[in-house]
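Chain letters run A, B, ... following the sequence lines, proteins first, then strands; residues in each count from 1. We use all heavy atoms of the structure for the numbers below, so side chains are in, but hydrogens, waters and symmetry mates are not.
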Amino acid sequence: MQSHNDTTAKSGDPVAVLGQRIQQALAQVLGPEYADADPLVRPAQNKAFGDFQSNAAMGLGKKAGRQPRQLAQEIVDALDAGDLCEPPAIAGPGFINITIRPEALNAMLADMDQEHLGVEPLDRGHLVAVDMVGVNIAKAMHVGHLRSSIIGDSVCRILARLGYEPLPQNHLGDWGLQIGMLIDYVMQEQIDLDSLTLPDLEVAYRESNRRCKENPEALERAKARLVLLQQEQPAEIDAWHKVTRITLDACYEACDLMDLTLTRDHERGESFYRERLKPVVDALLERGIAEESEGAIIVRFPSENPSSDASGEDDEIDEEQSPLVIQKSDAGYLYATTDLAGIRYRVGELGAERLIYVVDARQRDHFKKVFTAAGMAGWDVLPGRDDSERKAELIHVAFGAVCGKDGKPLKTREGENVKLMDLLQEAVRRAQAIVQEKNPDLSDQEKAEVARAVGIGCVKYADLSSQLGKDYVFDWDRMLAFEGNTGAYLQNQYVRIRSIGRKAPDDVNPAAPFCIEKPHEKDLALTLLRYPTMLAGVGRTLEVNKLCQYLFDLAQTYSAFYTECPVLKAESPALRDARLRLCNLTAAVLADGLHLLGIRTLERM
RNA sequence: GCCCCGGUAGCUCAGUUGGAUAGAGCAGCGGACUUCUAAUCCGCAGGUCGCAGAUUCGAGUUCUGCCCGGGGCGCCA
């Protein structure tokens, strides 16, 4: 699974460099078979103990039958790291506490202070398909699309930053009975599609639904219309194109407001797979993976616990996992069929090596089954490789519900889904009011820019900053309060740094050597140096909230530095320049990270 | 009935293959502004980590059972 090895020591990462040295010591003390044991280097949990700690001696001591504390001593004796740190201390049951030397920090910071900020991208050509947004025809985007859009976009940005080539896939709901109902309705009523707006279309959609529910004849007509559409009759196709266009034009307004990188080129709706559904079913039947059952075609899954265990207490037959239906008894296909066709296309034709689905957590079981079925068919095997066994990674990035303060999924007072555009516009409006109050001197244009960046940024940050799989509480006051863990807090820290930069005199040396001495400087340096490894981890696990957490740490650490360490009024020009460079590096990391979250930075706010 | 996710401070949440005294933010209380943007910072207070067992030098973290909340469970997407 873990095809991406990030243990290669990056010269600018103290954890990696120290880890490497400790591994050498481990090999020396315990033998070469321990050369790749995890050195378990972590930032010190308590500053009083030093900067870093290694917990390796305790676990390995048990494993190798050695006394942990004594083993720790032997590791320390064998450790060759005098250029990096003070002589380590041993504490408790066998913690190795490490204090890094300022010169080492200065060198690592200089190493990091380049355009790529220490992040080493992969070679080109690693395609990743990201299934996101998932707009439905004839419906405006609502809160349900918020998370898929925001998370998917951030995932794309992060992967691109790490050298992957993300391919957003807007999996439109554009092919099914509901389209047949809608098209039949607008054609029956002779509605002029050229002057229709999305709200009109939504009304028509609801009306067509209602009719089909009440009137069997209407339903039959809709089904017949769907057949005509699927036969690609010109009139039906024309109507379908038009309703699709109306829907998407409106949806892209919301996408633009959210600054999504996704474009029209990334439309891969259900209709895209329409010719690929039958082959999916045929192939699975042919290989005996799928079978007929009660008129439908299904894929069964072997039970995970093959038989009752040794205890024999539980002699009931294991409940079989429910099967995956890929063709209905009326010969119609389902979204599982489309998803399987999608995997086949994305892996087999595009050659994507990771397929990421940013979809509601309630579909966990669905994706688990679809992924398993795809694996059974071998559709996750990457084509055209020497090592033909290399498999694409199939990942469901499941996200929880957006809830109101009452803890229940967010709805309007009328009990309807909140429209995404309304929500975004309210965010901007609320931010506008706050800018007006906090900084009335800005020009109107600047205020509008700040309101947009802050309003949208806060919504995004609130969405990305807790564990994605959990529900989260959507609370305007908390997310827009510019105190605490919010997007605006981060944006403001950036503004404060840039303000110093603007006021710096002309004679500063931008390449002045770093000079880490004070505790707050050291904290900031250590936090900055965590960035590349942190980001690589997020690229692997897609835990975007950890990027948020890191940026908040960085911003707070910077703030403490800012209050304690004068920059422009530093005691000497050399120190001033060194601190200014530290500020600039912090700004660069903050801007980079915010950009990866899809949050705009500002020069003033 | 079965499966999945969650339960940590008054509220919203972190907690990295098991590590030292469980951390933030908000709210509360007390301080710091003729500023390098106070949209900030510093300090105080606040906890039976849902409950009970098990594993071990050590458990919020692993295992088992239970309680509570949410979600899912063959022809909707």
Point to revise | Side-chain donor-acceptor contact under 3.5 Å, Thr337(A) with Lys278(A) | key: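 Checked: Thr337(A)/Lys278(A) side chains show no N/O donor-acceptor pair below 3.5 Å.
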
Review point. Under the 3.5 angstrom rule, does the side chain of Ser148(A) hit a backbone N or O of His145(A) as a donor-acceptor pair?
Key: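 Checked: no pair found.
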
Could you work out the separation of [N] and [M] based on their [atom1] atoms and round it to a whole Å?
| N | M | atom1 | value |
| --- | --- | --- | --- |
| rC44(B) | rU48(B) | C1' | 24 Å |
| rG60(B) | rU8(B) | C1' | 7 Å |
| rA24(B) | rC41(B) | C1' | 16 Å |
| rU55(B) | rC73(B) | C1' | 34 Å |

Practice item. Tell me what Leu334(A) touches on the nucleic acid: a base, only sugar-phosphate, or nothing, going by heavy atoms under 4.0 Å. Key: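 It contacts sugar-phosphate atoms only.
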
Exercise for review: Using a 4.0 Å heavy-atom cut-off across all strands, classify Tyr472(A) as base, sugar-phosphate, or nothing.
Suggested key: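 Contact class for Tyr472(A): sugar-phosphate only.
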
Would one find a side-chain N or O of [X] under 4.0 angstrom from OP1 or OP2 of [N]?
| X | N | answer |
| --- | --- | --- |
| Gln363(A) | rG71(B) | no |
| Gln467(A) | rA14(B) | yes |
| Lys405(A) | rC11(B) | no |
| Lys369(A) | rG72(B) | no |

Return the value, rounded to whole Å, for the distance between atom [atom1] of [X] and atom [atom2] of [N].
| X | N | atom1 | atom2 | answer |
| --- | --- | --- | --- | --- |
| Gln53(A) | rG18(B) | CD | C1' | 13 Å |
| Arg540(A) | rU16(B) | CZ | C1' | 10 Å |
| Leu60(A) | rG58(B) | CG | C1' | 16 Å |
| Lys62(A) | rG18(B) | NZ | C1' | 9 Å |
| Tyr335(A) | rC76(B) | OH | C1' | 8 Å |
| Leu480(A) | rA39(B) | CG | P | 16 Å |

Study note, to complete from the structure: Scanning both residues in full, the closest heavy-atom pair of Ala361(A) with Ala398(A) reads CA-CB, 3.6 Å

Review point. Which pair of non-hydrogen atoms, one from Ala336(A) and one from Val325(A), has the smallest distance, and what is that distance?
Key: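 So the minimum-distance heavy-atom pair works out to CB-O, 3.8 Å.
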
Review point. How is the base pairing of RNA chain B summarised as a dot-bracket string, given the Watson-Crick and G-U wobble criteria with both distances under 3.5 Å, [ ] for crossing and | for another strand?
Key: (((((((..((((.....[...)))).(((((.......))))).....(((((..]....))))))))))))....

Exercise for review: Decide yes or no on ring-ring contact (aromatic ring centres under 6.0 Å, His included) for Tyr273(A) and Tyr333(A), but give the supporting numbers first.
Suggested key: CA-CA 11 Å; Tyr273(A) 298 104; Tyr333(A) 301 109; over 10 Å; no

What's touching nucleotides 40-42 of chain B from the protein side, N or O pairs under 3.5 Å?
{"from": "rU40(B)", "atom 1": "OP1", "to": "Phe482(A)", "atom 2": "O", "distance (Å)": "2.3"}
{"from": "rU40(B)", "atom 1": "OP2", "to": "Glu483(A)", "atom 2": "OE2", "distance (Å)": "3.4"}
{"from": "rU40(B)", "atom 1": "O2'", "to": "Arg496(A)", "atom 2": "NH1", "distance (Å)": "3.3"}
{"from": "rU40(B)", "atom 1": "O2'", "to": "Arg496(A)", "atom 2": "NH2", "distance (Å)": "2.8"}
{"from": "rC41(B)", "atom 1": "OP1", "to": "Tyr489(A)", "atom 2": "OH", "distance (Å)": "2.5"}

**Study point:** Arg530(A)/Asp13(A) ion pair, N-O < 4.0 Å
**Key:**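 No salt bridge links Arg530(A) with Asp13(A).
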
Review point. Does a salt bridge link Arg268(A) with Asp131(A), judged by any charged N lying under 4.0 Å from a carboxylate O?
Key: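 The answer is no: the pair does not qualify as a salt bridge.
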
